[in-house]
Amino acid sequence: MSTHTPARAAAPDETAGAGETPAAAKKAGAFSPAQLAAAVPGAFRKLDPRELWHNPVMFIVEVGAALTTALAIAEPFLGGAEESGGAPVPASFTAGIAAWLWLTVLFANLAESVAEGRGKAQADSLRKTRTSTSANVVVGYDEKTDPGAVSAATEQRSSADLTLGDVVVVTAGELIPGDGDIVDGIASVDESAITGESAPVVRESGGDRSAVTGGTRVLSDRIVVRITSKPGETFVDRMIALVEGASRQKTPNEIALNILLASLTIVFVVVTLTLNPIASYAASPVSLPVLVALLVCLIPTTIGGLLSAIGIAGMDRLVQRNVLALSGRAVEAAGDVTTLLLDKTGTITYGNRQAASFTPLAGVALDDLRHAAAVSSLADPTPEGKSIVDLAVTQGFTANLTVSGEIVPFTAQTRMSGLDLPGGSQLRKGAGSSVIAWVEEAGPVTGAVREELEASIRTISNAGGTPLVVAEKRSDGTARVLGVVYLKDVVKTGIAERFAELRAMGIRTVMVTGDNPLTAAAIAAEAGVDDFLAEATPEQKLALIRREQEGGNLVAMTGDGTNDAPALAQADVGVAMNTGTSAAKEAGNMVDLDSDPTKLIEIVRIGKQLLITRGALTTFSIANDVAKYFAIIPAMFAGVFPGLQALNIMQLHSPASAILSAIIFNAVIIVVLIPLALRGVAYRALSASQVLGRNLLIYGLGGVVAPFIGIKLVDLVVSLLPGF
Amino acid sequence: MNDTLAAILQVATLVLFLVLIHRPLGDYMAYIYAGPTAGGSKDLRVERGFYRLIGVDPDREQTWRAYLSGVLAFSLISVLVLYGIQRLQAVLPYSLGLPAIPEGLSFNTAISFVTNTNWQSYSPEATMGYSVQLAGLAVQNFVSAAVGIAVAIALVRGFARRNSGTIGNFWVDLTRGTLRLLLPLSILTAVVLIAGGVIQNFAGFTDVTTLTGGTQSIPGGPVASQEAIKMLGTNGGGFFNANSSHPFENPTGWTNLVEVALMLAIPFSLPRAFGRMVGDTRQGYAIVAVMSTLFLLSFTALTLLESSGAGSAAQAAGSAMEGKETRFGIFGSTLFASTSTLTSTGAINSTHDSFTALGGMMPMLNMMLGEVAPGGVGSGLYGMLVLAVIAVFIAGLLVGRTPEYLGKKLGPREIKIASLYILVTPVLVLAGTAASFAIPAVRADVEGTSIWNPGIHGLSEVLYAFTSAANNNGSAFAGLTANTPWFNSALGVAMLLGRLLPIVLVLALAGSLAAQGTVPATAGTLPTHRPQFVGLLVGVTVIITALTYFPAITLGPLAEGLH
């Protein structure tokens, strides 16, 4: 596996706060009047029946609107409905119904427009990066004899004409002409156009950070890039299509919900169509505008109008968090994930080890060990070295913090680093065996010391730490081992709570690490993951995913290296880091522009929220029908059967007012719920039963009660109109 | 003993009976349908002989399509044979000298009995001789019930199996259900009914001189044997026109209770078999809880409405006794009526047409629920499981997971099937009722010939007829002459489509579920055995019914009953 350190190492406070919605996302969740105004033209454009046809529920509303409009125009000449439910209806009744039906369709279109509009701004800024640049294409690139393409001939070509496999040279200050992998060189690249992150990132040939994206700018040095995408199909092109919602395909769950809604719609069409024949036997038939009003009130317009906005907003919420889902299906699958594969380094632990304690050998003063360890680390630039000094200082080490003497750097051969002091004495720290060998150059090490040292080393290893042995050679030539520094893999603060939360949501976490099983077990226990895969190879990772999937689990993972690609492709949700190779990005179905592996948890949450929002509004929409029946049915038949006035439990003013009020409520509720559809229903990590109980209470019971109040309030206003 | 105490004792006895029988009967059904490979039973010698005779390999399992072909072929042959027997009545022995049954009525009756509806557009004692009753109708009482159970078991196998292309063998399920379940139970209960005073003879008509000096022709017949399967198989077709209000079919208060118990025995035990077969009996108890809740709500409502009937006659009698037998009283009548309409039996011991206006709405609503509480033998379970699929889908969305029920994912295909299923009967009921009034020629006939009570009550009678036919109940509101070309054909079509379309969909669902693997349950999985889910499923069932039928109900019973 790749031992990848995130480009933007997560700070402790960030991890702790990841459970809450980031402030930026919160701001983006609400929508402003300006956004609403900008969406109005789009709402009108979507009235085109050819476009509306894809949404059967709203299409029926539009047909009803057209029909009632025609009736409203014809009525003054032909004479129209004069009474309903035994009371006269005003002349403006049909026109009123028609107007509100058009508004119902417009409101639904508006919801979709607003959702789409939020992606548009981002798409526009992305589009700017796509402007055509000229590329230095290497003619006859030969990677063996001239990998740097120093002597090869180049020709100028427009970036739009680049094809797969072309090799280009990009130097400082130039835009990278297309997506590709660096085959030679190293450069710092400004990727802010895509990620919004202003700090430049380093990209180099070979390894896991070789991918570059078209439209980003090289700030220093010179690189040779092999183009890996066709024009028009680049990463930026895909991003634009995604944020604009153009390539949005319906997810399986959305399709299933659409089918259920269509079925309910058919039931209500049948109910409406059969009403007049049935009524004709015992009562007078109902006028056409009233029938249309009944139908529109019954069919699930609330969810029908908001369904596509919910989907677009779900994708958008991911984009806000700098995650690009390459398919809506992946977002939905994220909500279903039951197994989460998390890389240890960077996700569960901070990327580097930190000194946790000093353990002196018998006969060595703690002060001596601390002093030696700190001094030898003063010049050590690694985070581990810095953490030793920090620990010593917190424990009271007060010596001069400036380095004097000759620094001995760490090498793979010596496996030690240290300092040769001006006085002739030497300090070394490093792996146990190397340090002992160094001490034995001066004289033998006793068995007792060896044993004590090994015991210490074993204890630290068992606890998941790394032992660092410290020794000194005095100026008189004698040498001795001082003790051991315990370098600890520090588990991020708050991560155990996150895992407990995930467990409550029914998600199993598996830690993946290259460490030995002993170390892995210790860290797994401390972090509170459910399982771990130690000494993991890409093959084992792939096998683990397959095993989980055979058991019916849905697996999510993050990865960045080319060797992660098969596992990313196999996983149901594969999140590739933007710093990773293009192979990894191709294989995954999401890309995290921040390259933050902890974001996987956030993605799961967004996926769940998307489903819940759909379910909540569906339940609300269906539950609304109860009140609408109680408004409209008495208004239809109470004239013939006065007893049915008992069903008018809202005490609505008149039949005309009751019907119009129901229609108005039906339209207005769509607008009222747009913010909820865009923001998503609040989600808490509770068990399924608790979440269901809560949502049934709010959206089920609330959906029954709310329209009773709403329709009554509208009726109070409508009854003030003359004639109603 | 006062009425209330008697009522409480009856209900207590009934509940005790169902509690006692639920487990052994459910386990027994799970055993006979599981087959030897799943730890169930082997073929009997007589069964092997029968399979050889019809050329079926009992060890060969069928895909859902093959299973469905079996059901459809068997139903088609059954309709043809039953039609033939009726048309040939004049030449058959033991026909009591009755003529051949007319074409339209034969068509209607053949479909009626094959679809387990037992709608009777005729007066049996004056129309059907013993040969038709025994060789035709009684046979269908057994096999149509067995078909219903077989389809339910096939759906249960769909839930229980993993990555399987097959859902059982229809011919084996049909044979086992008939021979090992319905036949032995019917023999046992026939004896009980005979002991209670139900007649069993081949006496034909006996002419007697009444006390007033007039003569009366009293029909006899093999009633007890018919009565047993009529109730056990939730068929409901009476030997006599008066059905279970006839003293020869249902002589006393306690035979009345026995008949109620028989109707409920298999439908309330099937969920136990379901629980056993899917390996989690709690799932079965949850389904029983849903059925019981709906049953108790409806039964309580009907009893209260009938006990407080308005009108001078009802007040003088203390309750609405019109159309009820004094030997059963209000309670015995409402218990029977609720049971009969909630189980798709359709037998009656009182005239639903004479119930109070709102009381008469209850049997109608019971059927409109889709016959699921507990519903007909087999059909009740599969109907409820389809509703559970819808409930789980909505619940799944509400908890943020792709919904799964018993480890099976409910994707577009499953929801499509369930959505179509809940469409079938409302469309049949509403379209049939509307057509009766919308087509001018039909309307003239319906108003002129069929409806005895013009006005809203007449509308309720037609609505009731189509509700009963499309839901395969078979009870009649009475007060409607249904032996007319329009009703014989329209109700015949409603019964046929109301039976076969759901079966097609249920078997398709079974096939689609069986082909899936199983998703393991986690803390994120919504438990479907807790009271919360029971409440949700009750709610979904009621809401779907209410939203579909509210306008029609308003124009019928509500318009009549609300003052």
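Both backbone and side-chain heavy atoms feed into the values below; hydrogens, waters and symmetry mates do not. Chain naming here is simple, since letters A, B, ... match the order of the sequence lines and numbering starts at 1 in each.
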Note to self: Once rounded to the nearest 0.5 Å, what's the spacing between atom CG of A:Leu260 and atom CD1 of B:Ile394?
What the structure shows: 6.0 Å
Check: B:Thr528: what forms a side-chain hydrogen bond (donor to acceptor under 3.5 Å, both in side chains) with it, not counting sequence neighbours?
Finding: B:Gln283
Notebook entry, point to check: Is any side-chain heavy atom of B:Ile422 less than 4.5 Å from a side-chain heavy atom of A:Val267?
Noted result: no
Notebook entry, point to check: With only heavy atoms counted, which part of A:Val681 is less than 4.5 Å from chain B, the side chain, the backbone, both or neither?
Noted result: neither
Checklist line | side chain to side chain contact (heavy atoms under 4.5 Å, CB included) assessment of A:Ile622 paired with B:Leu547 | finding: CA-CA 9 Å; A:Ile622 297 171; B:Leu547 294 184; 3.8 Å; yes
Checklist line | Interface moiety of B:Ala546 toward chain A, non-hydrogen atoms closer than 4.5 Å | finding: backbone
Item checked: Structural part of B:Thr554 lying under 4.5 Å from a heavy atom of chain A -> both
Notebook entry, point to check: Under a 4.5 Å heavy-atom cut-off, does chain B meet the side chain of A:Thr338, its backbone, both or neither?
Noted result: side chain
Item checked: 4.5 Å side-chain heavy-atom contact, B:Leu562 and A:Phe641 -> no
Item checked: Proximal component of B:Leu463, with respect to chain A [non-hydrogen, under 4.5 Å] -> neither
Notebook entry, point to check: Checking A:Pro252 against chain B: side chain, backbone, both or neither under 4.5 Å from a heavy atom?
Noted result: both
Next item on the list: Could you look at B:Ile543 and say if it's the side chain, the backbone, both or neither that has a heavy atom under 4.5 Å from chain A?
Entry: side chain
Next item on the list: Go through the atoms of B:Glu447 and report whether side chain, backbone, both or neither lie under 4.5 Å from a heavy atom of chain A.
Entry: side chain
Margin query: Given heavy-atom pairs under 4.5 angstrom as the criterion, report whether the side chain, backbone, both or neither of A:Leu264 touches chain B.
Written below: neither
Next item on the list: Answer yes or no: is there a side-chain heavy-atom contact under 4.5 Å between A:Ile633 and B:Pro551?
Entry: yes
Check: Taking it one step at a time, do A:Tyr683 and B:Val399 satisfy side chain to side chain contact (heavy atoms under 4.5 Å, CB included)?
Finding: CA-CA 9 Å; A:Tyr683 175 70; B:Val399 301; over 6 Å; no
Note to self: Less than 4.5 Å apart, side chain to side chain, heavy atoms only: is that true for B:Leu397 and A:Asn253?
What the structure shows: yes
Check: Given that the side chain runs from C-beta out, which part of B:Arg413 has a heavy atom under 4.5 Å from chain A: side chain, backbone, both or neither?
Finding: neither
Note to self: Minimum heavy-atom separation for A:Ile259 and B:Lys416, please, with both atom names.
What the structure shows: CG2-CA, 3.5 Å
Notebook entry, point to check: What part of B:Ile390 is in contact with chain A, defined as an atom under 4.5 angstrom from a non-hydrogen atom: side chain, backbone, both or neither?
Noted result: side chain
Item checked: Under 4.5 Å from any heavy atom of chain A - which part of B:Ser436 -> neither
Check: Say you draw a straight line from CZ of B:Arg401 to CD of A:Glu332; how long is it, rounded to the nearest 0.5 Å?
Finding: 12.5 Å
Notebook entry, point to check: Is it the side chain or the backbone of B:Phe393 that comes within 4.5 Å of chain A heavy atoms, both, or neither?
Noted result: side chain
Next item on the list: Please list, in residue-number order, every residue in residues 693-707 of chain A that has a heavy atom less than 4.5 Å from any heavy atom of chain B; write 'none' if there are none.
Entry: A:Gly693, A:Asn695, A:Leu696
Next item on the list: Pick whichever of A:Ala646, A:Ser689, A:Ser687 has the most heavy-atom pairs under 4.5 Å with chain B.
Entry: A:Ser689
Next item on the list: Determine whether A:Ile266 and B:Leu423 make a side-chain contact, defined as any pair of heavy atoms from C-beta on separated by less than 4.5 Å.
Entry: yes
Item checked: 4.5 Å side-chain heavy-atom contact, A:Leu275 and B:Leu430 -> no
Notebook entry, point to check: Can you tell which of B:Ala434, B:Pro426, B:Pro527, B:Pro412 has the highest number of heavy-atom pairs within less than 4.5 Å of chain A?
Noted result: B:Pro412
Check: Quick one: are B:Leu398 and A:Val691 in side-chain contact, heavy atoms under 4.5 Å?
Finding: no
Margin query: Given heavy-atom pairs under 4.5 angstrom as the criterion, report whether the side chain, backbone, both or neither of A:Leu692 touches chain B.
Written below: both
Item checked: Contacting moiety of B:Ile439, where chain A heavy atoms sit under 4.5 Å -> neither
Checklist line | side chain to side chain contact (heavy atoms under 4.5 Å, CB included) evaluation trace for A:Leu647 with B:Phe550 | finding: CA-CA 11 Å; A:Leu647 296 178; B:Phe550 192 80; 4.2 Å; yes
Note to self: Using a 4.5 angstrom heavy-atom cutoff, name the option from B:Glu560, B:Gln516, B:Arg443 with the most pairs to chain A.
What the structure shows: B:Arg443
Checklist line | A:Arg508, part contacting chain B, at a heavy-atom distance under 4.5 Å | finding: neither
Notebook entry, point to check: Taking every heavy-atom pair that is under 4.5 Å apart, which of A:Asn258, A:Asn276, A:Ile278, A:Val270 has the most such pairs with chain B?
Noted result: A:Ile278
Check: Which residue out of A:Ala256, A:Gly643, A:Gly615 racks up the most heavy-atom pairs below 4.5 Å with chain B?
Finding: A:Ala256
Next item on the list: Measure the shortest side-chain to side-chain distance between A:Tyr281 and B:Pro454 over non-hydrogen atoms and say whether it is less than 4.5 angstrom.
Entry: yes
